[in-house]
Asker: 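Have a look at this one.
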Amino acid sequence: MAANGSVRRKTQDLPATLKPSRSVSHATQTPEPSPSPIDTMPLQLPPSESADGVPASKRKQSSPMMPAFMVSAPGKVIVYGEHAVVYGKPAIAAAISLRSYLLVSSLSKSHRTVTMRFPDIQLEHTWNIDELPWDVFSAPGKKKYYYDLVTELDPDLVIAMQPHIDAVSPKVPEAKRKIHHSTACSFLYLFLSLASRKTAPCVYTLRSTIPMGAGLGSSASISVCISAALLLQIRALSGPHQDQPPQECELQIERINRWAFVGEMCIHGNPSGVDNTVSSGGKAVLFQRRDYNKPPRVIPLHSFPELPLLLVNTRQSRSTATEVAKVATLKAAHPALTENILNAIGLVTESAHELLTSPGFDPTSPVALKHLGDLVTINHGLLVSLGVSHPKLERIRELIDHTGIGWTKLTGAGGGGCAITILKPQPTTLQNGNTNGNGVGNHDSSSEESDSGSEEIDSSASILSTRTKLKHKILDNLEIKLENEGFEKFETTLAGDGVGVLWPAVLHNGNEEEGGEEIDQEKFLRAEGTEGIELLVGVAGVGVRRKIEREVREGWKFWRSWEGGFA
């Protein structure tokens, strides 16, 4: 089987803990008999004993027995095709550089616990490993292995772990408790399926820069992180490494993706699968489901260019079910007209797909970018005609359109949530004198020119510098306006990396102490907000890089099937 062949490939560039066991087989969950790094540690005394006779309850807390590592996965946006995708039309979804980060810290064997910490939603819970329902999960006919395809949750397994879910956050308000329980269910189902009774005690600490409940795939990103971390711990993944062929890279991504889908089922019941697919593989995919009794059509779009993206959160809560029902009601009242609008949205997606997959497609071409941008504008207008926009979304579009800085549309179900803007290569104020794309005078342009003093624009380098400064000034002024009206702005990138690994959790940027900066739980928990997390872990978005003037710090590795398998 391909899985066996892939893990025997060349892996000498990996740390020992990332190399797959030579004896991986389909007969056991954790590769045997080759011992894991944890198993080769000195034998621990029973929890009730110690060499100096001090009771276990009085001993100092154990220190980690192996280096911590980190996994990261992106959120996603729908670029084209929302709502029409419900009626069998294609949609294109792409990764964004807002991400979730999972720090895995192993403890000594004297700790017989597994802890999940998710401070962003005030969730922390510890389970006793020995008390978990391993017997049910390992029973004949129930046992699942890392290479299995799981398309539905086993009700017996769900029932078996329900008491351990009920114990989570018993005293918090019901709405928050529901979120805590779905998150804990996703984690525990994956943990019990992929780990074993002999698994080393660990603390899984999760942070995310993705706004939750905004249609950006935050839950899928979390599921991808958890499944990737567990698969790494049982050494069911090889790579990412520089000798990894694209086919093997795709196998690893698919393995992560399959289990992330299981995590998504725990949270959403019947997910489409597009969110975890994009989060696992990165870049973009075309997604289409004509028959809900059959698997969807999913086509990776590795040619989708990595573009600067402005993402604005309305902070307006919305219900996907409500917005979908609006379109259904409109279709019932005006079937022919609504069908034409849905068909038009489908044609927008197909036009983008045709361009992206054409033999002569140039991702750096301004003409190609304008084509994609015009489709964004058209798609938004069609969604407005379906009645799924919102006054706050229209206000965001108005403010951004006034600057002429890019092409804007709602993303996801609408009715609130977020708007996205693909940024133009340069501000239209420099292209068209003192007017923006709407012919409206822009006073920022003259002020920026005065800020540059008497500098002569006599070379392409200085022109580029002035254009860049102007774009940044427009974005900064726009951020103030958006925040003043209660919106939240993110400068991110579109169609970037999927799941990535930092093993061990040590970053290098040339300015730190020799050997790099270790990321521990204390530093991770102290990081504040999106910028704090990105500054610490090194996978900084465009806005953060612009402000701190440094690139992504070294150490992270990503599976990239579109670039020979490794980055």
Side-chain angles (χ1 to χ4, degrees), residues 77-80 82 96 211 214 307-316 318 348 366 369-385 387-412 414-452 463-494 541-543 546-547:
V77 293
I78 297 179
V79 188
Y80 309 106
E82 46 269 276
I96 55 175
L307 299 170
L309 186 77
L310 195 66
L311 187 145
V312 183
N313 186 4
T314 62
R315 291 192 168 115
Q316 174 68 44
R318 88 286 184 276
V348 166
L369 180 59
K370 185 177 186 302
H371 183 108
L372 294 174
D374 288 343
L375 292 176
V376 165
T377 303
I378 295 168
N379 199 163
H380 180 78
L382 292 168
L383 291 169
V384 170
S385 68
V388 295
S389 188
H390 187 276
K392 289 186 177 181
L393 287 166
E394 294 309 305
R395 178 56 178 160
I396 290 169
R397 188 183 59 82
E398 179 184 8
L399 289 171
I400 296 175
D401 282 357
H402 181 75
T403 68
I405 204 167
W407 301 274
T408 302
K409 67 179 284 290
L410 68 84
T411 184
C418 294
I420 58 172
T421 300
I422 294 179
L423 297 178
K424 295 178 180 178
Q426 61 192 53
T428 49
T429 44
L430 282 178
Q431 295 172 333
N432 303 319
N434 291 323
T435 62
N436 62 23
N438 298 321
V440 179
N442 191 318
H443 301 295
D444 293 338
S445 175
S446 60
S447 64
E448 174 58 35
E449 290 170 355
S450 65
D451 288 343
S452 61
I463 290 173
L464 180 61
S465 175
T466 302
R467 286 171 176 167
T468 301
K469 289 179 181 177
L470 177 55
K471 178 184 282 189
H472 292 172
K473 188 176 184 71
I474 292 172
L475 287 170
D476 289 341
N477 289 341
L478 180 61
E479 181 171 14
I480 293 171
K481 292 179 181 178
L482 290 167
E483 287 184 352
N484 285 343
E485 298 198 23
F487 304 126
E488 184 179 22
K489 178 180 83 66
F490 300 89
E491 288 179 52
T492 179
T493 55
L494 184 67
V542 185
R546 173 163 71 84
K547 292 176 182 177

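Computed from heavy atoms alone, side chains included, the values below leave out hydrogens, waters and symmetry copies. We're numbering straight along the sequence, starting at 1.
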Asker: Can you name the nearest heavy-atom pair linking Val348 to Tyr80, along with the distance?
Answerer: CG1-CD2, 3.8 Å
Asker: Please examine the side chains of Glu485 and Leu399, heavy atoms only from C-beta on, and report whether any two atoms are closer than 4.5 Å.
Answerer: yes
Asker: Would you say Gln316 and His390 make side-chain contact, with heavy atoms under 4.5 Å?
Answerer: yes
Asker: Check whether any side-chain heavy atom of Ile422 lies under 4.5 Å from a side-chain heavy atom of Leu309, and answer yes or no.
Answerer: yes
Asker: Does the side chain of Leu478 come within less than 4.5 Å of Leu310's, by heavy atoms?
Answerer: yes
Asker: Considering all heavy atoms of both residues, which atom of Val384 and which atom of Glu394 are nearest to each other, and what is their separation?
Answerer: CG2-OE2, 3.5 Å
Asker: Would a distance-only check, ignoring hydrogens and angles, find a side-chain to backbone donor-acceptor pair under 3.5 Å from Thr314 to Gly417?
Answerer: yes
Asker: Measure the spacing between CD1 of Ile400 and CG of Leu475 and express it to the nearest 0.5 Å.
Answerer: 9.5 Å
Asker: Would you say the side chain of Thr408 lies within less than 4.5 Å of the side chain of His380, judging by non-hydrogen atoms?
Answerer: no
Asker: Just verifying a value: how many Å separate Glu491 CD and His472 NE2, rounded to the nearest 0.5 Å?
Answerer: 7.0 Å
Asker: Return the minimal non-hydrogen interatomic distance between Leu410 and Gly412, and the atom names on each side.
Answerer: CD1-O, 3.7 Å
Asker: Looking only at non-hydrogen atoms, find the nearest pair between Gly406 and Asp401 and report the distance.
Answerer: O-OD1, 4.2 Å
Asker: Are Trp407 and Lys370 side-chain neighbours, meaning at least one heavy-atom pair lies under 4.5 Å?
Answerer: yes
Asker: Are the side chains of Leu423 and Ile405 in touch, meaning some heavy atoms are under 4.5 Å apart?
Answerer: yes
Asker: Short question: side chain of Asn379, backbone of Leu375 - any donor-acceptor pair under 3.5 Å?
Answerer: no
Asker: Please report the interatomic distance NZ(Lys473) to CG(Asp476), rounded to the nearest 0.5 Å.
Answerer: 8.0 Å
Asker: I need the minimum non-hydrogen distance between Arg395 and Phe487, along with the two atoms involved.
Answerer: CG-CE1, 4.1 Å
Asker: State the CD1-NZ distance between Ile480 and Lys489, to the nearest 0.5 angstrom.
Answerer: 10.0 Å
Asker: Could you tell me if the side chain of Phe490 sits less than 4.5 Å from the side chain of Cys418, heavy atoms only?
Answerer: no
Asker: Take Ile420 and Ile96 through the side chain to side chain contact (heavy atoms under 4.5 Å, CB included) test and state the conclusion after the steps.
Answerer: CA-CA 11 Å; Ile420 58 172; Ile96 55 175; over 6 Å; no
Asker: Going from CD on Glu82 to NZ on Lys409, what distance comes out if it is rounded to the nearest 0.5 angstrom?
Answerer: 3.0 Å
